[in-house]
Amino acid sequence: MVPSAMTPAEPPTPYAGGLTRVRVRVPAKINLALCVGPLGEDGYHRLGTVFHAVSLFDEVIATLAHPGDVRVTVKGEGAHLVDDATNLALRAARLLEVRYEFDEDPGVHLEVRKQIPVGGGMAGGSADGAAALLACSMLWDLDTSPDDLLDLASELGSDVPFALMGGSAIGRGRGTELVPMITRGTYHWVLAIAEEGLSTPVVFQRFDDLGAPGNTTIPPEVMEALTTGDVPGLGKGLRNDLQAAAIDLRPELGEVLESGMSAGALGGVVSGSGPTVAFLAGSESAAMDLSRALLEHRFIRETRRAVGPVPGARPYNCGS
Ligand code: C5P
C-alpha cells in the first residue's frame, strides 16, 4: 500500500479561462530624456521623461497553485539581491488578490528569471511587477482592462506602467502618465553594467541636496530625433538630470561616460537613477566594437548590447 504522504496531491483547479501556466516576457527601459522638476507633496518629483524599452528581458512564469499558496522564486542576474519583502512580482500578485473578489484565496507560484540588472536604473524590479500583474490577471481569469492594469501598475511603482506599455513613450507626473510615441528606426545600445547597484530614493535625495531642481521640459531635439530616426541627433540630445547626482555618489561613472565617448559612441547617458550607463552606437557592428572597448574599462563588470524600441510585457507561452 502507498503511504498517504506519498500520494500525489490533486492539481489546483483552473479558473474558467482554463490556464494553469502563463509566461510573460518584459523589457528593461532606459530614459532618453529624464527632466526632473521639484519634489511634490506626495514625496515624488515631477518628471518629463522619454521612456524607451530595450531588448534586455526578464521573464515571469506564473503557475497556478492551491488556494492561498502565493510565493516567488528568483533566478538569474543578481537573484540573491532581490528581497522577498520588496519583490514587486509578489506585491503585484498580492495587489490583485485584495482588489478582486475570489471565492477562495487565489494561489500562484511565480518564477522570475532575471537578465535585467538589479538596482541598475533599468527598472528591472518594475518590469517584474508589470509581468506578474499581467500573468496573474490571466491565470486567475480576472476581468482586467488595459486601463485597469495601468492603474494597478502605477500603485506598484512609478516605472511599472511603462513596463506594461513598452515601445517609446512620454512620461509625465511621477512617470506614470504615459503617451505612447510613434518613432522611426531601430537604435543600437551598449549598456555598461556596474559592479554594484544604486538606490533610486538615495539618488533623488542627492539630486535635491545638490541644488535647484530643473524643469520638466523634454528637449525638442530628443523628440525630433526619435520621430525622424536621426541616430546621431538622438546621441547628442540624450539628457538625464539625475546624472550629476549619480556621478556624485559614484564618481567612476564620469570616467565610464568619457571612455564610451572616446571609443566612438554617438552619445552616452546614465540610465534612470544609475549606475548602468547606456551608450548609443550607429549600427550593430559599431555596438559590437564599442562593447569590446568598454570591457577594457576597470569599472565595467559587464556590457550588454540591446536594441530599442521593443514591446512591453507580453504573454508568449501559456498552457493548460
Ligand atoms: O515609484 P517608486 O517606488 O519606483 O519610487 C521609488 C522612489 O524614487 C520614491 O520613493 C522616491 O523617493 C523616488 N522617486 C521620486 N520621484 C519620482 C519617482 C521616484 O522622487 N517621480
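Start at 1 and go down the list; that is how both ligands and their atoms are numbered. Because only heavy atoms are used, hydrogens play no part in the values below, and waters and symmetry mates are left out as well, while side chains stay in.
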(message) Check whether Arg305 reaches the backbone of Glu284 with its side chain - one donor and one acceptor, N or O, closer than 3.5 Å.
(response)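 Pair absent, no side-chain N/O of Arg305 close to backbone of Glu284.
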
(request) Using atom types as modelled and distance alone, determine if a side-chain donor or acceptor of Ser271 lies under 3.5 Å from a backbone N or O of Ile30. (result)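 Absent.
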
(request) Using heavy atoms and a cut-off under 4.0 Å, could you grab the residues that are in contact with ligand 1, chain by chain, numbers ascending? (result) Gly43, Tyr44, His45, Leu47, Gly157, Ser158, Arg174, Thr200, Pro201, Phe204

(request) Mind checking the CE-CD1 spacing from Met122 to Ile116? Nearest 0.5 Å is all I need. (result) 7.0 Å

(message) Taking Glu252 first and then Arg298, would you say they form a salt bridge - that is, a charged N and a carboxylate O separated by under 4.0 Å?
(response) no

(message) If you take the centroid of each ring, where Trp contributes its six-membered ring, are Trp140 and Phe102 closer together than 6.0 Å?
(response)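 Between Phe102 and Trp140, the centre distance is under 6.0 Å.
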
Review item, side-chain donor-acceptor pairs of residues 169-183, under 3.5 Å, at least two apart:
unit_1: Arg172; atom_1: NH1; unit_2: Thr216; atom_2: O; d: 3.4
unit_1: Arg174; atom_1: NH1; unit_2: Ser158; atom_2: OG; d: 2.9
unit_1: Arg174; atom_1: NH2; unit_2: Ser154; atom_2: O; d: 2.3

